[in-house]
Protein chains: 2
Amino acid sequence: MAPAAEDAETKRQRRRTSTAIKESLRELSVQLSLFNHQLSSHVDLRDSDLDCLDVIQRHGPLSPTALVRRTGLHAATMTGILDRLEKGGWIARDRDSVDRRAVVLRALRERNPEMFRLYSGMNTSMDKLLTGYTVDELETIADFVRRTTEAGKSATDDLTAG
Amino acid sequence: MAPAAEDAETKRQRRRTSTAIKESLRELSVQLSLFNHQLSSHVDLRDSDLDCLDVIQRHGPLSPTALVRRTGLHAATMTGILDRLEKGGWIARDRDSVDRRAVVLRALRERNPEMFRLYSGMNTSMDKLLTGYTVDELETIADFVRRTTEAGKSATDDLTAG
DNA sequence: ACCGACCATATGAAGTTCGTATGATACCTT
DNA sequence: AAGGTATCATACGAACTTCATATGGTCGGT
């Protein structure tokens, strides 16, 4: 925890490091986006398709409308994304048993090994990188990443609305 | 620093936390990509355009070819991206004074305030979030973000080549 | 049983992507 | 110094993607 009061030098350092983190985070974002782009082209999908696939895997099963709300993408665009994901065998579209207008998106597992292989370089690098930290540091990092994701979600929602 | 030897319980915890970090990182990546998408549409650009703009701002001035190499995007696609960035007043294309085939890309500052405003929500959230950490924790985080970016760069290059 | 709301997708215009072609310039080899 | 090859940025065009709007089916309240 940060102490109740900090001396001037500490405050200066805090400000400098915070700025560095925010700048690096933007650079990380760019780099991950380029990584994602390479990933996409290797499996014959567009960049956002993988984003949607990830949401379906993580938070599914869910409906196209729910996915539209969560991602902020256009509904008609989503139909195209889901067409590609379905054609590629990444997801299934099931009819909702209750609401017959609705569709339920379910992630399939068939192509996971293929995906895992594309991730293996990044995965190995991360494992190596993480061994350099204490368990306490790892928990700090885990917490930071989770909370930054939350911040990203709010910021995205604000832009989607505004 | 991690101690030379860890007991079994600590090892278990380390493994669990590392996995959590990697999973959260993927989620962060998705969230940042969706944020980036909203950002892009607000300034009438495509997602990758902002990635390229960021690289030009951070590592420029540089040539289209250098940018193609750094990002792994297709050269013909890059022409389109640069057309949009130039038309929008984000960058200038200067002729290289030495190599007359070449072009040098230079970031302009005119629209930075506009961009800054779109970032302000995320920026404020991050500032709030970061006050919850000690200076030592902040440095751990800064280091982690930098090294993860490096890992991402290598992993991207591997996919681009392979 | 109606009616307004909602769900997913169809439609088509405008724009994007990417393999390949082009024209200009640089540089190496002899 | 001239020829040939490589490299630079962009043009071209076919295939595809995106998105505003339209459509047809289904739901739920009254």
Side-chain angles (χ1 to χ4, degrees), chain A residues 33-34 36-53 55-56 60-88 90-106 159-160, chain B residues 33-34 36-53 55-56 60-88 90-106 159-160:
Chain A
S33 153
L34 294 170
N36 193 57
H37 178 80
Q38 294 306 321
L39 227 51
S40 304
S41 29
H42 274 76
V43 293
D44 225 56
L45 293 171
R46 320 256 87 216
D47 294 16
S48 313
D49 299 3
L50 285 185
D51 295 344
C52 292
L53 179 57
V55 174
I56 297 168
L62 40 54
S63 70
T65 300
L67 195 49
V68 160
R69 281 204 254 274
R70 195 176 262 276
T71 59
L73 302 174
H74 194 285
T77 304
M78 190 57 77
T79 299
I81 291 173
L82 297 176
D83 285 351
R84 283 189 296 274
L85 287 175
E86 189 180 36
K87 188 151 62 135
W90 300 99
I91 61 160
R93 283 201 252 222
D94 303 333
R95 283 261 143 218
D96 190 308
S97 47
V98 181
D99 184 340
R100 295 199 303 170
R101 291 166 305 182
V103 161
V104 177
L105 307 168
R106 182 167 47 85
L159 284 185
T160 308
Chain B
S33 152
L34 294 170
N36 193 56
H37 179 79
Q38 294 306 320
L39 227 50
S40 304
S41 30
H42 274 76
V43 292
D44 225 57
L45 294 171
R46 323 254 81 220
D47 295 15
S48 313
D49 301 0
L50 285 185
D51 295 344
C52 292
L53 178 57
V55 173
I56 297 169
L62 40 54
S63 70
T65 300
L67 196 49
V68 160
R69 281 204 254 275
R70 196 176 260 277
T71 59
L73 302 174
H74 193 284
T77 304
M78 191 55 78
T79 299
I81 291 172
L82 297 176
D83 286 350
R84 282 190 296 275
L85 287 175
E86 190 180 34
K87 188 150 61 137
W90 300 99
I91 62 160
R93 284 199 253 221
D94 304 334
R95 283 261 143 219
D96 189 308
S97 46
V98 181
D99 184 340
R100 295 199 304 167
R101 295 165 303 182
V103 161
V104 178
L105 306 168
R106 181 168 48 86
L159 285 184
T160 309

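Note on naming: letters A, B, ... go to the chains in the order of the sequence lines (proteins, then strands), and numbering restarts at 1 for each one.
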*Asks:* Less than 4.5 Å apart, side chain to side chain, heavy atoms only: is that true for A:D47 and A:L39?
*Replies:*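 No; the side chains remain at least 4.5 Å from each other.
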*Asks:* Could you state the atom-to-atom distance from CG of A:L45 to P of C:dC18 in whole Å?
*Replies:*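 Atom-to-atom, A:L45 to C:dC18, this comes out as 13 Å.
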*Asks:* Please identify each residue that fulfils side-chain contact (heavy atoms from CB on, under 4.5 Å) with B:S41, with sequence neighbours left out.
*Replies:*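 Checked B:S41 against side-chain contact (heavy atoms from CB on, under 4.5 Å); matches are B:Q38.
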*Asks:* Starting at atom CG of B:D44, determine the distance to atom P of C:dT16, rounded to an integer number of angstrom.
*Replies:*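 The answer, rounded to whole Å, is 9 Å.
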*Asks:* Listed by chain and number, what are the salt bridge (Lys or Arg N to Asp or Glu O under 4.0 Å) partners of A:D96, not counting sequence neighbours?
*Replies:*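 If we apply the salt bridge (Lys or Arg N to Asp or Glu O under 4.0 Å) test to A:D96, skipping adjacent residues, there are no hits.
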*Asks:* Between side-chain atoms of residues 79-88 of chain A and protein atoms elsewhere (two or more places apart, or another chain), which donor-acceptor pairs fall under 3.5 Å?
*Replies:*
{"unit_1": "A:D83", "atom_1": "OD1", "unit_2": "A:R93", "atom_2": "NH2", "d": "2.2"}
{"unit_1": "A:R84", "atom_1": "NE", "unit_2": "A:D49", "atom_2": "OD2", "d": "2.6"}
{"unit_1": "A:R84", "atom_1": "NH2", "unit_2": "A:D49", "atom_2": "OD1", "d": "3.0"}
{"unit_1": "A:E86", "atom_1": "OE1", "unit_2": "A:R93", "atom_2": "NE", "d": "3.2"}
{"unit_1": "A:E86", "atom_1": "OE1", "unit_2": "A:R93", "atom_2": "NH2", "d": "3.2"}

*Asks:* I need the CZ-C1' distance between B:R95 and C:dA26, as an integer number of Å.
*Replies:*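 Distance check: B:R95 CZ to C:dA26 C1' gives 14 Å.
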*Asks:* Looking for any heavy atom pair under 4.0 Å, which part of the strands does A:R93 touch: base, sugar-phosphate only, or nothing?
*Replies:*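 A:R93: backbone/sugar contact only, no base atoms under 4.0 Å.
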*Asks:* Summarise how protein sits on nucleotides 18-30 of chain D as a single string, 5' to 3': B when a protein heavy atom is under 4.0 Å from the base, S for sugar-phosphate-only contact, - for no contact.
*Replies:* SBBB---BBS---
*Asks:* Whole-Å distance between D:dC8 P and B:L82 CG?
*Replies:*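 So the CG-P distance, B:L82 to D:dC8, works out to 14 Å.
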*Asks:* List in chain and number order the residues that pass salt bridge (Lys or Arg N to Asp or Glu O under 4.0 Å) with B:R100, two or more places apart in sequence or in another chain; answer none if no residue qualifies.
*Replies:*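 Scan of B:R100 (salt bridge (Lys or Arg N to Asp or Glu O under 4.0 Å), adjacent residues dropped) gives none.
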*Asks:* Can you sort out the partners of B:A92 under side-chain contact (heavy atoms from CB on, under 4.5 Å), two or more places apart, ordered by chain and number?
*Replies:*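 So B:A92 forms a side-chain contact (heavy atoms from CB on, under 4.5 Å) with B:D94, B:R106, B:L108.
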*Asks:* Provide, to the nearest angstrom, the distance between the CE atom belonging to B:M78 and the P atom belonging to C:dG19.
*Replies:*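 Spelled out: CE on B:M78 to P on C:dG19 is 14 Å.
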